Amino acid sequence: MHIDVNSAFLSWTAVDLLNKGGKYDIRNSYAVIGGDESKRHGIVLAKSNPAKKVGIITGEPLFSARKKCPSLNIYPPNHELYNDMSNKMFKLLSKYSPDIEVYSIDECFIDYTKVKKLYGNEISFAHKIKDEIKNTLGFTVNVGIGNNKLCAKVATDFSKPDKVHTLYNHEIKEKMHPLPINHLIGIGRKSSEKLIKLGINTIGDLSNCNPNQLSKYFKNQAIKIIELAKGIDNSEVISDSGLSKGISNSTTIAYNLTSKKEVYHVIESLVDNLATSLRKQKRYAYVIAIILKDKHFHSYSHQTKLINATNNTKEIYETAKKLFDETWDNEPIRLVGVRLDNLVNEVNHQISLFESVEHKELESGLESVVDELNFKYGSSVIKKASLHSSKREQK
DNA sequence: TCTGGGGTCCTAGGACCC
DNA sequence: TCTGGGGTCCTAGGACCC
């Protein structure tokens with residue numbers, strides 16, 4: 001069973017506005033959730049059904065969405081609210097099954113086979129939880145049911161909102177094969193274009209392909225995507241998938257950066273966030289990467305693997321700065337990102353000949369005290385002087 | 001005032017080892 | 001009278017998902 005919130009960010013904002021005494025429901029008007037254009041964050045993050053009907057799509061610039069609908073209402077995102085709504089939904093669902101795989105902020109899978117004895121027929125159960133979410137939390141979801149995760153997820157998208165759909169194995173031919181190729185999970189823009197050029201337009205077309213022929217164009221992926229088209233998927237529902245393999249923090253800056261000093265300031269603040277969250281999870285990173293996007297929208301990255309994993313702000317910052325110096329080609333920069341990868345739960349510190357252990361321990365001790373104070377008294381009682389002054393300069 | 005941010009997985013090519 | 005084969009690890013880039 002796959003559960004997916006209809007237009008999540010927009011629905012959640014709609015509920016919030018109504019709770020605060022708002023008079024009308026933005027789900028029924030030409031509305032989108034969109035970033036701040038003056039900060040160059042101006043894209044559509046979620047759209048209402050009426051907005052969808054005039055051709056507005058997620059990810060497109062607000063500029064172009066407004067051309068399609070001049071009276072469009074744009075609401076800012078509120079990620080704190082979204083996390084809260086998301087948690088409430090997953091908490092509600094956990095009442096029924098501990099085996100929930102959280103797939104994203106607004107989606108999850110439930111292995112219903114494991115609880116079917118308790119709750120009976122899956123279709124009536126799907127209606128029950130769908131309605132319970134609507135009645136207690138105020139937003140609607142779609143529920144898809146299938147013999148595996150792939151089919152359940154494809155079923156969720158059949159028609160929206162507030163619907164339950166099935167895609168059992170015996171329904172694949174009739175319900176899934178006529179769909180255009182890009183409705184298949186795993187076939188994105190690039191692969192659709194390639195397949196359509198080859199005359200493969202529907203999921204059914206792909207399911208009939210000869211893997212040997214297709215491997216000329218898709219290498220090892222050919223077998224995999226033909227299986228998807230046949231509705232074959234053996235992946236398990238994994239509850240508490242828990243810890244991520246890497247974490248990243250990136251930002252598009254309101255204006256292009258042209259000096260090292262400006263970029264260093266951004267890197268410092270990105271690293272500060274990342275290292276704090278790594279320490280909160282008591283984890284350490286082996287790989288540090290810097291990601292840049294220039295004014296032509298060209299992205300590039302540079303990474304390094306450390307001898308010893310770390311969650312020390314200063315060490316990560318110095319490394320990220322060095323990576324930046326090594327890779328920057330002097331083109332004005334639009335986006336700066338830092339990524340920490342190969343995360344581990346503990347470190348076996350290998351002491352190099354030249355470093356002082358005492359100094360390291362002192363430093364990480366200081367950082368945990370700062371983390372604790374920030375946690376106790378609000379997120380930024382204690383900040384680096386450099387971060388503080390950079391904010392003032394901007395004002 | 002055109003184009004976000006956070007993830008996962010795969011591939012190609014190079015370095016290195018035996 | 002020139003240059004194998006198999007394997008691992010690492011990096012950069014890209015496709016895809018939300």
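Note on naming: letters A, B, ... go to the chains in the order of the sequence lines (proteins, then strands), and numbering restarts at 1 for each one. The shown structure was predicted, so the numbers you read here are calculated from the model rather than taken from an experiment.
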task = With syn defined as a glycosidic angle within 90° of 0 and anti as everything else, classify B/dC2.
result = syn
ask   = Heavy atoms, side chains only, cut-off 4.5 Å: are A/W12 and A/S86 in contact?
value = yes
request  = Mind checking A/G186 for me? I need base, sugar-phosphate or nothing, with any heavy atom below 4.0 Å counting as a touch.
outcome  = sugar-phosphate
message = Is the distance between the ring centroids of A/F9 and A/H79 under 6.0 Å?
response = yes
inquiry  = Considering every strand and a 4.0 Å limit on heavy-atom distances, what is the contact class for A/T304: base, sugar-phosphate, or nothing?
reply    = sugar-phosphate
request  = Take A/S299 and A/V287, find for each the nucleotide of DNA chain C with the closest heavy atom, and name the residue whose nucleotide sits nearer the 5' end.
outcome  = A/V287
task = Anything under 4.0 Å to a heavy atom of chain A counts; send over the first and last such nucleotide of DNA chain C, read 5' to 3'.
result = C/dC10 to C/dC18
ask   = Mapping A/H41 and A/R339 to their closest nucleotides on DNA chain B, which lands nearer the 5' end?
value = A/H41
task = Would you mind classifying the nucleic acid contact of A/L335 as base, sugar-phosphate or nothing, using non-hydrogen atoms under 4.0 angstrom?
result = sugar-phosphate
query = With a non-hydrogen cut-off below 4.0 angstrom, is A/L184 in contact with a base, only sugar-phosphate, or nothing?
reply = sugar-phosphate
ask   = Looking for any heavy atom pair under 4.0 Å, which part of the strands does A/E60 touch: base, sugar-phosphate only, or nothing?
value = nothing
ask   = In this structure, are over 12 heavy atoms from other groups packed under 6.0 Å from A/E132 atom CD?
value = yes
query = Hey, does A/S38 reach any base, or is it just sugar-phosphate, or nothing, if we go heavy atoms under 4.0 Å?
reply = nothing
ask   = Looking at A/F158, is A/K175 sitting on its ring face, NZ or CZ under 6.0 Å from the six-membered ring centre and within 45 degrees of the normal?
value = no
ask   = Is the A/H298-A/Y300 ring centre distance short of 6.0 angstrom?
value = yes
request  = Let me see the working for A/N345 and A/L243 under side-chain contact (heavy atoms from CB on, under 4.5 Å), right down to the final yes or no.
outcome  = CA-CA 10 Å; A/N345 293 322; A/L243 299 171; 4.3 Å; yes
message = Categorize A/S64 for me: base, sugar-phosphate, or nothing, with a 4.0 angstrom heavy-atom threshold over every strand shown.
response = nothing
inquiry  = Just to be sure I understand the rule, does A/G246 reach a base, reach only the sugar-phosphate, or reach nothing, if contact means heavy atoms closer than 4.0 Å?
reply    = sugar-phosphate
Given DNA chain B, 5'-ward residue of the pair A/K245 and A/T252, judged by closest heavy atom = A/T252
query = What about A/F125 and A/Y96, are their ring centers closer than 6.0 Å?
reply = yes
ask   = Looking at A/F218, is A/K194 sitting on its ring face, NZ or CZ under 6.0 Å from the six-membered ring centre and within 45 degrees of the normal?
value = yes
message = Would the distance check show the side chain of A/D205 and the main-chain N or O of A/T202 forming a donor-acceptor pair, the cut-off being under 3.5 Å?
response = yes
request  = Using a 4.0 Å heavy-atom cut-off across all strands, classify A/I187 as base, sugar-phosphate, or nothing.
outcome  = sugar-phosphate
query = Please, what dot-bracket string fits DNA chain C when only Watson-Crick and G-U pairs with both distances under 3.5 Å count, crossing ones use [ ] and pairs to another strand use |?
reply = ....||||||||||||||
task = Under 4.0 Å between any heavy atoms, over every strand shown, what does A/Y300 touch: base, sugar-phosphate, or nothing? Just pick one.
result = sugar-phosphate
task = Quote, to the nearest angstrom, the C1' distance that separates C/dG4 from B/dC17.
result = 15 Å
